[in-house]
Amino acid sequence: MSHAVEVSAEAAASDAAFLEQRETEGTQRFIKRHSLQARITHGVTIICCIWLMISGLFVFIPPLTQMAGAGVVLAMRMSHRVIGLVYVLVPVISAILAPKGVLHILKVNLCKWTKDDKLWMGLFFPYLFGCKWIHMPDQDDQKSGQRFADGMLWICGILMAVTGVALLLGSTVVDLGVAAHSVLLFLHDLGFFLLVIFVMAHIFLGAGIFQPYRGCYKLMFGNGMVSESDALYHWGHWARRELESGENVVVVKKDEK
């Protein structure tokens with residue numbers, strides 16, 4: 001079976017030269033992709049998100065409430081509120097501490113889609129079932145599919161954060177009324193449902209369950225660096241720029257890995 005997308009002869013030769021040079025030198029190059037702050041923020045947000053999903057089931061599903069008993073439900077409700085505040089505050093504090101990082105995220109996610117971006121998105125589902133035969137087009141800092149998925153995670157996360165804070169204030173500080181409370185609760189539940197879908201997809205790829213993404217979990221739960229070969233495979237355009245500049249490149253001897 002032929003590749004769905006052919007790599008240009010120039011790009012293929014360039015990639016081969018990169019990797020052949022590393023083999024002869026007995027070294028391997030890595031590219032710094034995520035800072036320590038980004039990894040901490042991501043880790044805390046993931047932990048909070050998972051716990052909010054679990055505790056939210058006890059808060060919003062009556063049968064579980066009845067089965068668990070009053071004591072468990074009270075503990076879940078309180079933890080849902082406390083962890084919910086952490087879920088909101090940690091990204092906000094991180095954004096204040098690193099405004100350039102926020103601008104970078106906005107820049108790479110809101111940029112105009114190129115021909116390669118559109119082609120990558122169109123090939124994604126066939127790629128899931130035929131990754132051995134389909135070569136995906138080169139991508140920049142963020143893949144087009146990654147921009148879409150991350151965008152949905154941002155939208156769902158913000159929706160849940162805003163409605164969650166409003167519901168908390170409505171139950172402790174002000175009286176929102178039945179109608180407003182019902183609307184906020186519906187939007188909160190909708191955000192929860194969508195978030196579950198995109199978090200599962202995020203985990204499927206980010207945790208390396210899908211074979212071509214094996215080891216990608218180290219980008220957020222390791223040292224934040226990606227190997228030269230993986231960078232060229234997943235984010236070809238971005239990797240070549242980084243390798244050319246050398247600013248974020250780390251050279252490691254193979255016996256030191």
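Side-chain atoms are counted along with the backbone in the values below, which use heavy atoms only and exclude waters and symmetry mates. This one's a predicted model, so the numbers in the text were calculated from it and none came from an experiment. Residue indices begin at 1 and follow the sequence shown.
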field: Steps toward side-chain hydrogen bond (donor to acceptor under 3.5 Å, both in side chains) verdict (Gln142, Asp150)
entry: CA-CA 10 Å; Gln142 294 279 74; Asp150 286 358; 3.3 Å; yes
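- Both Leu176 and Leu169 sit in one connected hydrophobic cluster of ILVMFWY residues. Membership requires side-chain heavy atoms under 4.5 Å apart, directly or through other members.
- For the pair Leu57 and Met53, the minimum side-chain heavy-atom distance is 4.5 Å or more.
- For Tyr127, the ring-ring contact (aromatic ring centres under 6.0 Å, His included) partners at least two apart in sequence or on another chain are Phe210.
- Interatomic distance, NE2 of His181 versus NE2 of His188, reported as 10.0 Å (0.5 Å rounding).
- Two residues are said to be in side-chain contact when any heavy atoms from C-beta on lie closer than 4.5 Å; Phe30 and Val226 fail this criterion.
- Looking at heavy atoms from C-beta onward, Ile134 lies in side-chain contact with Met136 at the 4.5 angstrom threshold.
- Closest heavy-atom contact between Ser144 and Asp117: OG-O, 2.8 Å.
- Within the 3.5 Å criterion, the main-chain N or O of Gly222 finds a donor-acceptor partner in the side chain of Arg39.
- Between the side chain of Arg214 and the main chain of Gly208, a donor-acceptor pair closer than 3.5 Å is present.
- Atom CD of Gln211 is surrounded by more than 12 heavy atoms from other residues, nucleotides or ligands within 6.0 Å.
- Looking at Asn109, its side chain does come within 3.5 Å of a backbone N or O of Ile105 through a donor-acceptor pair.
- Judged by distance alone, with hydrogens and angles left aside, the side-chain atoms of Arg33 form no donor-acceptor pair with the main-chain N or O of Leu219 at under 3.5 Å.
- The two atoms that bring Gly157 and Leu195 nearest to each other are N-CD1, 4.3 Å, heavy atoms only.
- The residue from His80, Arg77, Arg81 that alone fulfils the side-chain contact (heavy atoms from CB on, under 4.5 Å) condition with Ser55 is His80.
- His237 and Asp141 are not linked by any side-chain donor-acceptor pair at a separation below 3.5 angstrom, with hydrogens and angles left out of the test.
- At least one side-chain heavy atom of Phe204 sits under 4.5 Å from a side-chain heavy atom of Leu128.
- Smallest separation of non-hydrogen atoms from Cys156 and Leu194: SG-CB, 3.4 Å.
- For the atom pair Cys49 SG and Ile54 CD1, the distance stands at 10.0 Å (nearest 0.5 Å).
- Inter-residue side-chain proximity for His234 and Cys216 is flagged as met; some heavy-atom pair is nearer than 4.5 Å.
- Residues Leu103 and Pro99 are not in side-chain contact: their nearest non-hydrogen atoms beyond the backbone lie 4.5 Å or more apart.
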task: Could you please spell out the steps behind the side-chain contact (heavy atoms from CB on, under 4.5 Å) verdict for Gln139 and Trp238?
output: CA-CA 7 Å; Gln139 291 286 271; Trp238 168 79; over 6 Å; no
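- For the pair Ile47/Val44, no side-chain contact is recorded, criterion being any heavy-atom separation below 4.5 Å from C-beta on.
- Proximity of Ile31 to Met225: side-chain heavy atoms (C-beta onward) are nowhere separated by under 4.5 Å.
- Judged purely by atom type and a 3.5 angstrom limit, Arg147 uses its side chain to pair as donor or acceptor with the backbone of Val108.
- Nearest approach of Val86 to Pro91, heavy atoms of both residues: O-CD, 4.2 Å.
- Listed here is the closest heavy atom pair of Leu232 and Asp138: O-OD1, 4.2 Å.
- Annotation: salt bridge (Lys or Arg N to Asp or Glu O under 4.0 Å) contacts of Arg241 (sequence neighbours excluded): Asp140.
- A cation-pi geometry, defined here as NZ or CZ lying under 6.0 Å from the six-membered ring centre and within 45° of its normal, does not hold between Arg240 and Trp235.
- Here the side chain of Ser94 pairs no donor or acceptor atom with the backbone of Val90 at under 3.5 angstrom.
- The aromatic rings of His42 and Phe221 stand perpendicular to each other, their planes meeting at an angle above 60°, with 30° marking the opposite boundary.
- The shortest non-hydrogen separation linking Trp51 to Ser79 is NE1-OG, 3.0 Å.
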task: Go through Trp113 and Met121 one step at a time and tell me if the side-chain contact (heavy atoms from CB on, under 4.5 Å) criterion holds.
output: CA-CA 10 Å; Trp113 282 29; Met121 199 67 180; 4.1 Å; yes
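- No more than 12 heavy-atom neighbours from other residues, nucleotides or ligands sit within 6.0 angstrom of CH2 on Trp154.
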